[in-house]
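For reference, the structure is listed below as structure tokens.
To find a chain, count down the sequence lines: A is the first, B the second, and so on, and within it residues start at 1.
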There are 2 protein chains.
Amino acid sequence: MNAACHERYDLQARVLNALGHPIRLAIVEQLRGGERCVCDLAERIGAERSNVSRHLALMRRVGVLGTRREGLQVFYRLRTPCVLGLLDCATEAIRSAIDADSRALAGGEAG
Amino acid sequence: MNAACHERYDLQARVLNALGHPIRLAIVEQLRGGERCVCDLAERIGAERSNVSRHLALMRRVGVLGTRREGLQVFYRLRTPCVLGLLDCATEAIRSAIDADSRALAGGEAG
DNA sequence: TGTTAGTGTGAGTATATAATCACATTACAA
DNA sequence: TTGTAATGTGATTATATACTCACACTAACA
């Protein structure tokens, strides 16, 4: 628990929190297929434009998303495919936890 | 953006948030080597016992951690190694973002 | 039974995050 | 220059999270 660890944990926490919101996950999922503008994302997800804009800004600040301006529109994109890998890991962790639950229920193991 | 997606995003978000805190990341890192009791974790991390206990309870609720009682002590453990993979993904995403920054600074690309 | 150690939790406070509205900003086009 | 569309942001409110303190609970043991 030295200073370097502390800083690493802060960084990791920032990235994880940047993804830890249903709307932001929906955004990332939409960006899986390539860049999209704010308007487009808001409509696909079914959320307020300004709200989506805020979530996008947050992920951009953290470094998860990048932007490109084209006329009136601003296109957002994933800066690295690693993020998708991270989400896959989350899904896998969920499945593992559920499996562990089943085993615990069947075999009487501790939670 | 149907109901199933919504639910999946909620689940993913819960897992990501369960890990998105410096103290909780420190805990998980300590548990990499095997189960540990609350007291031990609190001392190693340098945080209040009650606070650590709360963080542990949170991760337990989400399904990331499991427990085992032995006398007075309660030992916490990772329920699945997937979680470590998730953290590695986060680290990789951070490195990628930093690399993208460097490239953007050098080549003048958009953020 | 009383004491002690390890853990969990209610209550209160502080802080952070989220959502919404109204409006500012930016870029384009008539 | 005036108008319009897409986006960003200040201000407000609501909600969630984090931390601390005090105390309750549980298991062991004298």
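The residue A/Leu58 sits close only to the backbone: its heavy atoms come under 4.0 Å of sugar-phosphate atoms, none of a base.
Summarising the geometry, the separation between CD1 on A/Ile27 and C1' on C/dA19 is reported as 14 Å, rounded to the nearest angstrom. As rounded to whole Å, 12 Å separates atom C1' of C/dG8 from atom CZ of B/Arg61. Taking atom CD1 of A/Ile23 as the reference point, atom P of C/dA19 lies 5 Å away to the nearest angstrom. Distance B/His21 NE2 to C/dT15 P: 14 Å, rounded to the nearest Å.
Annotation: side-chain contact (heavy atoms from CB on, under 4.5 Å) contacts of A/Val74 (sequence neighbours excluded): A/Thr67, A/Arg69, A/Tyr76. In terms of the side-chain hydrogen bond (donor to acceptor under 3.5 Å, both in side chains) criterion, B/Arg54 has no residue partners (sequence neighbours excluded). Under the side-chain contact (heavy atoms from CB on, under 4.5 Å) criterion, B/His21 pairs with B/Ile23, B/Arg24, B/His55, sequence neighbours left out. For B/Ala97, the side-chain contact (heavy atoms from CB on, under 4.5 Å) criterion is met by no residue, not counting sequence neighbours. Applying the side-chain contact (heavy atoms from CB on, under 4.5 Å) criterion to A/Glu7, with sequence neighbours excluded, gives no partner residue. Every residue two or more places apart in sequence or in another chain that forms a side-chain hydrogen bond (donor to acceptor under 3.5 Å, both in side chains) with A/Asp40 is listed here: A/Arg36, A/Arg44. Scored by the side-chain hydrogen bond (donor to acceptor under 3.5 Å, both in side chains) test, A/Arg95 finds no partners at all (sequence neighbours excluded).
The line from CD of B/Gln30 to CG of B/Leu78 is 11.0 Å long, rounded to the nearest 0.5 Å.
When DNA chain D is scanned 5' to 3' for any atom under 4.0 Å from a heavy atom of chain A, the first and last hits are D/dA5 to D/dA11.
An angle of 10°, rounded to 10°, separates the two end axes of the helix from C/dT1-D/dA30 to C/dA30-D/dT1, each defined over five pairs.
Contacts classified as side-chain hydrogen bond (donor to acceptor under 3.5 Å, both in side chains) and involving residues 82-93 of chain A (residues at least two apart or in different chains) are given here: A/Thr91-B/Gln12.
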Could you list all N or O pairs between the protein and nucleotides 5-7 of chain C that sit under 3.5 Å apart?
from  : atom 1 : to      : atom 2 : distance (Å)
C/dT7 : OP1    : B/Val38 : N      : 3.2
C/dT7 : OP1    : B/Val74 : N      : 3.4
C/dT7 : OP2    : B/Cys39 : N      : 2.6

Can you check nucleotides 20-24 of chain C for protein contacts, nitrogen or oxygen pairs under 3.5 Å, and list what you find?
from   : atom 1 : to      : atom 2 : distance (Å)
C/dT20 : O4     : A/Arg54 : NH1    : 2.7

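Salt-bridge annotation for B/Arg79 and A/Asp99: absent, with no side-chain N of the basic residue lying under 4.0 Å from a carboxylate O of the acidic one.
Between A/Glu70 and A/Arg24, the one whose closest nucleotide on DNA chain C sits nearer the 5' end is A/Arg24.
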Query - Worked check of side-chain contact (heavy atoms from CB on, under 4.5 Å) between A/Leu58 and A/Asn17 - result: CA-CA 10 Å; A/Leu58 189 155; A/Asn17 287 325; over 6 Å; no

**Report entry** Test log, rule side-chain contact (heavy atoms from CB on, under 4.5 Å), inputs B/Arg77 and B/Leu65
**Finding:** CA-CA 6 Å; B/Arg77 68 175 185 280; B/Leu65 301 186; over 6 Å; no

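Atom CZ of B/Arg49 has 12 or fewer heavy atoms from other residues, nucleotides or ligands within 6.0 Å.
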